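Keep in mind it's a predicted model, so treat the numbers as computed, not measured. In what follows, every heavy atom counts, from backbone to side chain, and hydrogens, waters and symmetry copies are set aside.
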Amino acid sequence: MRYSAPRGTQDVLPRDIEKWRRVEHHVRRVCELYGYEEIRTPIFEQTELFVRGIGEVTDIVEKEMYTFPDKRGRSMTLRPEGTAPVARAFIEHNMFSEPQPVKLYYIGPMFRYERPQAGRQRQFSQFGIEAFGSGDAVLDAEIIDLAYTLYRDLGLNNCIARVNTIGCPACRPRYNEHIRNVLSSDLEQLCPNCRSRYDRNPMRILDCKTESCRTIAAKVGPIWGFLCTECAEHFSSLQDSLRAMSVPFELDPTIVRGFDYYTRTVFEFMASGIGAQDAIGGGGRYDGLIESCGGPPTPGVGFAAGIDRLLLAIEASGAAQESQRTLGCFVAAVGEGARLGAARLVASLRRLGVSADMDYMDRSLRAQMRHADRYRARIVAILGEDELRAGTLQVKDMNDGKQWEVSLEGAADEIRAFLQSAREQ
RNA sequence: GUGGAUGUAGCUCAGUUGGUUAGAGUACCAGAUUGUGGCUCUGGGGGUCGCGGGUUCAACUCCCGUCAUCCACCCCA
C-alpha cells in the first residue's frame with residue numbers, strides 16, 4: 001500500500017519552505033507593529049462553539065465541518081476558522097478585565113471539508129487578527145490598513161479594499177424588507193439558490209455570481225439609505241479614517257460576507273491570477289459575537305487571510321524564489337582512517353556555529369566534491385591519509401577554486417574566521 | 001454535493017490505425033588512467049503503463065467500473 005496525503009492536504013517541501021516562512025515572518029512583524037499579540041488556541045473545539053459562533057445556517061456549519069466524537073462521545077470539530085476560538089479564549093480568560101481593546105492575532109491551520117480546487121484546500125493555513133472591546137470605527141480602519149500594509153510588504157501591489165456596511169440588528173431588517181419588496185416580482189427569474197435566500201437571508205442575493213441574478217439584484221440599490229443613525233455615522237467615520245490613513249478603498253454594496261456574526265463594517269481583498277477562489281482576505285465588525293458565545297456584551301472587529309492564497313498571489317504577481325540549502329563547510333574524507341578525523345572536524349565546526357557536513361555514502365573524493373558543490377558549500381576541507389600524517393588539512397574555496405593548507409590543530413577556528421570575513425565582504 | 005479534464009520512471013512527457021524485451025529528457029548513482037566540484041562524455045539502477053473487470057489471437061492503446069489529481073460550480077481564506 002502506497003499512501004498519499006489525504007485529499008485536500010499538502011506537504012510543504014524543503015524547497016518551498018522559505019516562501020512560507022517569509023509570509024509568516026511578515027505577518028508576525030506587521031501584526032506586532034500594529035500592537036497585536038499572538039494567541040494560540042487549540043486546533044479543535046467543541047462543535048457547539050462553531051455552531052453558535054458562526055451561525056447554524058451558514059455553509060461552513062451545514063456541510064463543511066470536520067466533526068468527530070471523542071472517546072467520551074463529545075462532539076468535537078477541527079476549527080474551520082479562527083475567530084470563534086479566539087472569542088472563546090477571550091471570554092474564558094476574562095480578557096474583558098484587561099486594558100481595552102484587546103488586540104490579538106493568530107496563525108495556523110484551519111479545516112473545511114470541501115471539494116479541493118485552485119486556492120482551496122481542506123487543510124489550509126490562515127492568519128487573522130481580532131480587536132475586542134472597542135466600537136470605534138478608527139479601529140476598523142486600522143485593521144484594513146494593517147491588511148493593506150501587509151499585502152504591500154509582501155509585494156502585492158494593486159491591492160484594494162472593497163468596503164461595505166451591513167448595518168446592525170436594528171436597521172438591517174428594514175433593508176431586508178426593501179430587498180424583498182423590490183424582488184418580489186422577479187422571484188421566478190432568480191436562481192434556485194437565491195429563491196431560498198429570499199426568505200432566509202435576502203442580502204446574500206446581492207453577491208450571487210449568477211449573471212441573471214446580478215442584473216436583477218442591481219436594482220435593489222445599496223443599504224446606505226436604510227442605516228440607522230449610529231450605523232450611518234459609523235460608516236462615514238470609517239471612510240474618514242481610511243482617507244486620513246491614506247488607505248485606498250472602494251465602496252462595494254455587494255460585499256455582505258458569509259458568517260452570521262458580522263455587523264456594520266465588512267470588507268474584502270481580491271487578488272488576480274490565482275483562479276476562481278480570488279479572495280485573499282476579508283473581515284468586519286462583529287459586535288454581537290462575544291455575547292452570543294456566552295460573554296458580556298463586547299464589540300469586536302477582525303480580519304483573516306489565507307496564507308496559501310497569499311502564496312499563490314505572490315507567485316502570480318512575479319518574484320518568488322525557491323529555497324536553496326547552503327553549507328559553510330563540507331569536509332571530504334579520503335580513506336577509512338580519515339573518517340574519524342572528518343567527523344571530529346565537522347563536530348567542532350558545528351560547535352563554533354559553522355554549518356558543516358560530510359559524506360556518509362562512502363564516496364570517492366571526486367564524488368564528494370560534486371556533492372559539496374550541490375550542497376552549495378562555500379568551502380571544502382579535504383582530509384586524507386597524507387594530511388593525517390602531516391597533521392594538516394587542505395582548504396578549498398569553492399567560489400574561486402583557490403586551495404591552501406592549514407594545520408589540523410585549530411583548523412575549525414580558521415575556517416570559521418575565513419567564512420566570517422567572506423560574509424562581510 | 002454537481003459537472004468537465006487527466007492518470008506511462010522521483011519529476012516533465014513521448015508511445016504511430018491495438019502487434020514482440022515500454023522510450024526520451026531531467027534527477028539519482030558510478031566512471032572518464034586509481035586525491036579535487038560546476039561543463040562535457042560513457043555506463044547503471046529505477047515503471048505490476050492508477051486499480052479492477054471486459055472485448056480481442058494480442059491492450060499503455062478500445063469499453064465499463066473504481067480511485068486519485070486538477071479545474072469549475074457552490075461557498076469561502
Nearest of [options] to any side-chain atom of [X]?
X	options	result
A:M398	B:rC71, B:rC29, B:rG37	B:rG37
A:A276	B:rA72, B:rC74, B:rC70	B:rA72
A:R370	B:rG37, B:rC76, B:rU36	B:rG37
A:Q117	B:rC29, B:rA72, B:rA77	B:rA72
A:D278	B:rU36, B:rC76, B:rC73	B:rC76
A:A118	B:rG31, B:rC70, B:rA72	B:rA72
A:R115	B:rC74, B:rG37, B:rA72	B:rA72

With heavy atoms under 4.0 Å as the rule, sort [X] into base, sugar-phosphate or nothing.
X	result
A:S364	sugar-phosphate
A:G335	nothing
A:R204	sugar-phosphate
A:I280	sugar-phosphate
A:E114	base
A:D308	nothing
A:E268	nothing
A:R112	base
A:G119	base
A:E81	nothing

With both distances kept under 3.5 Å, what pairs with [N], Watson-Crick or G-U wobble?
N	value
B:rU36	none
B:rG7	B:rC67
B:rC62	B:rG54
B:rG1	B:rC73
B:rU17	none

- Show the numbers, then the answer: is there a salt bridge (charged side-chain N to carboxylate O under 4.0 Å, His left out) between A:K219 and A:D186? CA-CA 11 Å; A:K219 62 186 190 182; A:D186 303 297; 2.8 Å; yes
No-H, no-angle donor-acceptor pair, [X] side chain to [N] base, under 3.5 Å:
X	N	answer
A:Q277	B:rC73	no
A:R7	B:rA68	no
A:Q394	B:rU36	no
A:E387	B:rG35	yes

When the [atom1] atoms of [M] and [N] are compared, how many Å lie between them, rounded to an integer?
N	M	atom1	answer
B:rG52	B:rU61	P	13 Å
B:rG53	B:rU12	C1'	31 Å
B:rG46	B:rA9	P	15 Å
B:rU48	B:rC29	C1'	25 Å

- Message: Heavy-atom nearest nucleotide on RNA chain B for A:A377 versus A:R257: which residue maps closer to 5'?
- Response: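 Per heavy-atom nearest nucleotide, the more 5' residue is A:A377.
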- Item | Of A:A305 and A:A5, the one whose closest RNA chain B nucleotide lies more 5' |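 Whichever sits nearer the 5' end wins; that is A:A5.
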- Item | Lys/Arg cation over aromatic A:Y113: A:R122, 6.0 Å, 45° cone |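 Satisfied, under 6.0 Å and within 45°.
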- Query: Aromatic rings A:F303 and A:F127: how do their planes relate, parallel, tilted or perpendicular, breaks at 30° and 60°?
  - Reply: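 Correct class here is perpendicular.
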- Hey, what's the ring geometry for A:Y261 with A:Y286, parallel, tilted or perpendicular (30° and 60° as the breaks)?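 Rings of A:Y261 and A:Y286: perpendicular, over 60°.
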- Query: Would you find more than 12 non-hydrogen atoms of other residues, nucleotides or ligands less than 6.0 Å from A:E56 atom CD?
  - Reply: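 Atom CD in A:E56 is not crowded, with 12 or fewer foreign heavy atoms closer than 6.0 Å.
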- Given the rule in the side-chain hydrogen bond (donor to acceptor under 3.5 Å, both in side chains) test, do A:R22 and A:H25 qualify, once you have shown the distances and angles that lead to the verdict? CA-CA 5 Å; A:R22 180 174 160 263; A:H25 166 78; over 6 Å; no
- Closest non-hydrogen atom pair, A:I166 against A:R172: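 A:I166 and A:R172 have their closest heavy atoms at O-NE, 2.7 Å.
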